[in-house]
Amino acid sequence: VGKGTIVAKIMESFPSIFGFSISHTTRAARPGEENGVHYNFVSKSDMEEAIDKGHFIEHAKVHTNLYGFSWVFPCIWLASWPTAMIFLVV
């Protein structure tokens with residue numbers, strides 16, 4: 001079972017409790033993946049600039065691509081819900 005399957009089941013079972021953050025990546029979209037749904041697909045230069053500006057809670061280089069978890073969604077969670085849960089998967 002992959003990350004997507006687990007997230008989908010949690011979101012289906014508890015739609016009003018959990019939110020899902022979409023990570024950023026510099027890799028190309030795979031068949032069936034949509035920008036803003038599965039990942040935020042960005043250029044390497046835009047990602048490096050955002051990293052330099054501190055826009056990510058965490059980021060990593062995996063092979064030749066960059067991945068990052070933006071501060072934006074957790075801030076929305078904290079403003080909207082009394083508690084928040086963050087899963088960081090690298």
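Everything numeric in this text was worked out from a predicted model, so none of it was measured. In what follows, every heavy atom counts, from backbone to side chain, and hydrogens, waters and symmetry copies are set aside.
Put simply, CE on Met47 and CG on Asn65 are 9.5 Å apart, with the number rounded to the nearest 0.5 Å. How far CG of Asn35 is from NE2 of His24: 9.0 Å, rounded to the nearest 0.5 Å.
Note that Arg27 lies outside the cation-pi zone of Tyr67, set by a 6.0 Å cut-off to the ring centre and a 45° limit from the axis.
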**Prompt:** Should His38 and Ile22 be marked as a side-chain contact (heavy atoms from CB on, under 4.5 Å) after you check the CA-CA gap, both sets of side-chain angles, and the distance that decides it?
**Reply:** CA-CA 6 Å; His38 300 95; Ile22 302 165; over 6 Å; no

**Message:** Quick one, His59 with Phe69, criterion side-chain contact (heavy atoms from CB on, under 4.5 Å). Give me CA distance, side-chain angles, the key distance, then yes/no.
**Reply:** CA-CA 6 Å; His59 57 86; Phe69 185 72; over 6 Å; no

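In the hydrophobic cluster analysis, where Ile, Leu, Val, Met, Phe, Trp and Tyr join through side-chain heavy atoms closer than 4.5 angstrom, Phe56 is grouped apart from Phe41. Side-chain heavy atoms closer than 4.5 Å link hydrophobic residues (I, L, V, M, F, W, Y) into clusters, and following such links, even through other members, never connects Val37 to Val42. In terms of hydrophobic clustering, with Ile, Leu, Val, Met, Phe, Trp and Tyr side chains grouped at heavy-atom distances under 4.5 Å, Ile57 and Ile51 are assigned to different clusters.
The heavy-atom pair separating Ala28 from Glu33 by the smallest distance is O-OE1, 4.4 Å. Considering all non-hydrogen atoms of both residues, Leu66 and Thr26 come closest at N-OG1, 2.8 Å.
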